[in-house]
Colleague: 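One structure, as structure tokens, below. Some questions next.
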Amino acid sequence: MKINLYKILKNKKVLYLAYDQGLEHGPTDFNDKNIDPEYIINIAKKGKYTGVIFQKGIAEKYHDKIRELEIPLILKLNGKTNLVKGDPVSKQLCTVKEAIRLGAVAVGYTIYIGSKYEDEMLQEFEEIQRQAHEKGLPVIAWIYPRGKSIKGKSKAKLMAYASRIGLEIGADIIKISYNGNLKDLKWAVKSAGKTKVVIAGGIKKQEKEFLKQVKEIMKTGCIGLAVGRNVWQAKDPLEITKKLKEIIWKK
Ligand code: FBP
């Protein structure tokens, strides 16, 4: 089965707008504007994002708008709150079938490697990956080292391990967090082989610092970003979008 990756790529690069923080962190990340999913949908449309990432609830409630604006929808299939302490586990909340019904062109799933529950997430991912690939849908794996067992371990090694796991489990794209070291990220990208690598935005930074980091990231073979807070918490999200696109699609 051919995987329709082209639907979420533009000239082999990507810029995805992530908006699943309402579940992961609660509305503490939001203000009066960006608490409204329509605000995000408009940024995705006007900024011509190569994909917007929602959980099932937003995809259902704002379905008409997402469809009408023809925004490539990446549906996040698992999630968790930040209320439970200890090793994290993120379980499936939506099926591949439902994602397709909602018009998703790709699905996403988070795996916390190092957590004592990683086997449960790896197992769920396997099923999702198989079902999505049967329908030609690409699968994006958020792979984050977390939990007690990773304490004291090298961030560089964990980043490369996360990347390699993405390749081994059949992710088409992996989303990882950058440790801030160019050489380490290059090795992580190499470790991912034919699996493509995108970087998460993280908490809101000064624009200058963030753009500098993105410039660095794009030198390593990464294909782009899946960013949330650094865009929709910005004063002018479309202005920073423009700058990000200039860096990502620079000739
Ligand atoms: P940001 O660019 O806002 O960091 O979004 C990326 C992301 O992976 C989201 O998809 C997710 O909600 C969030 O980060 C998870 O953050 P964390 O688990 O680090 O608190």
Side-chain angles (χ1 to χ4, degrees), residues 8 14-31 33-35 37 39-40 43-44 47 49-59 72-91 93-94 99 104 106-115 117-118 121 125 139-147 150 155 158-159 162-163 166 171 173-180 197-207 209-211 213-214 217 222-234 237 240-241 243-245 247-248:
I8 50 164
V14 308
L15 180 59
Y16 302 140
L17 191 58
Y19 191 67
D20 58 338
Q21 293 79 355
L23 174 62
E24 300 291 331
H25 306 147
T28 63
D29 281 350
F30 302 147
N31 60 25
K33 281 187 186 163
N34 58 35
I35 194 154
Y39 182 72
I40 307 302
I43 298 172
Y49 275 76
T50 45
V52 63
I53 301 160
F54 290 136
Q55 281 282 349
K56 167 183 170 171
I58 291 184
L73 172 67
I74 299 166
L75 209 85
K76 192 68 203 310
L77 299 188
N78 68 336
K80 63 156 191 57
T81 72
N82 66 3
L83 301 172
V84 181
K85 297 298 161 213
D87 276 23
V89 60
S90 184
K91 301 285 283 204
L93 305 171
C94 178
V107 291
Y109 187 94
T110 301
I111 300 166
Y112 297 110
I113 56 164
S115 162
Y117 307 109
E118 72 165 28
M121 292 172 275
F125 180 86
V139 182
I140 306 174
W142 280 225
I143 307 190
Y144 296 151
R146 299 266 163 97
I150 66 151
K155 285 209 171 117
L158 286 169
M159 188 169 68
S163 294
I173 298 177
I174 51 160
K175 177 174 170 187
I176 57 171
S177 292
Y178 178 38
N179 75 342
V197 180
V198 304
I199 302 296
I203 55 163
K204 175 90 171 65
K205 300 174 193 73
Q206 290 291 327
E207 182 181 298
E209 185 198 338
F210 183 59
L211 295 175
Q213 197 173 72
V214 177
I217 286 167
C222 284
I223 61 162
L225 292 183
V227 57
R229 289 164 286 182
N230 276 284
V231 167
W232 46 252
Q233 284 180 353
I240 187 156
T241 299
K243 291 177 184 165
L244 289 173
K245 286 164 77 178
I247 299 171
I248 294 172

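One-based numbering, in listed order, for ligands and for the atoms of each. The figures that follow rest on heavy atoms only: side chains count, while hydrogens, waters and symmetry mates do not. What you see is a predicted model, and the numbers here were worked out from it, not measured in a lab.
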Colleague: Can you name the residues that form a side chain to side chain contact (heavy atoms under 4.5 Å, CB included) with I113, not counting sequence neighbours?
Modeller: I111, E118, I143, P145, A162, I165

Colleague: Closer than 4.0 Å to some heavy atom of G201 - which atoms of ligand 1 meet that?
Modeller: 2 (O), 4 (O)

Colleague: Which residue from R146, E24, H25 reaches closest to atom 20 (O) of ligand 1 through any of its heavy atoms?
Modeller: H25

Colleague: For Y117, is the OH atom crowded, meaning more than 12 foreign heavy atoms sit under 6.0 Å from it?
Modeller: no

Colleague: If the cut-off is 4.0 Å to any non-hydrogen atom of V227, which atoms of ligand 1 fall inside it?
Modeller: 2 (O)

Colleague: Can you report which non-hydrogen protein atom sits closest to atom 2 (O) of ligand 1, along with the distance?
Modeller: G228 N, 2.8 Å

Colleague: Are M121 and S90 side-chain neighbours, meaning at least one heavy-atom pair lies under 4.5 Å?
Modeller: yes

Colleague: I'd like to know whether NZ of K80 has more than 12 heavy-atom contacts from other residues, nucleotides or ligands below 6.0 angstrom.
Modeller: yes

Colleague: Test your reading of the structure: does Y112 have an N or O sitting under 3.5 Å from an N or O of ligand 1?
Modeller: no

Colleague: Output yes when the distance from some N or O of ligand 1 to some N or O of A18 is under 3.5 Å, and no in every other case.
Modeller: no

Colleague: Check whether any side-chain heavy atom of K204 sits under 4.5 Å from a side-chain heavy atom of F210, and report yes or no.
Modeller: no

Colleague: Using the side chain to side chain donor-acceptor pair (under 3.5 Å) rule, take K175 and T110 through it: C-alpha gap first, then chi angles, then the decisive distance, then the call.
Modeller: CA-CA 9 Å; K175 177 174 170 187; T110 301; over 6 Å; no

Colleague: Using ring pair (Phe, Tyr, Trp, His ring centres under 6.0 Å) as the criterion, list what pairs up with F30, not counting sequence neighbours.
Modeller: Y19, W232

Colleague: May I ask whether Y144 has any heavy atom positioned less than 4.0 angstrom from an atom of ligand 1?
Modeller: yes

Colleague: On a heavy-atom basis, I'd like to know which of K175, R229, Q21 is closest to atom 5 (O) of ligand 1.
Modeller: Q21

Colleague: Do any N/O atoms on G202 end up under 3.5 angstrom from N/O atoms on ligand 1?
Modeller: yes

Colleague: Could a heavy atom of D20 be found less than 4.0 Å from some atom of ligand 1?
Modeller: yes

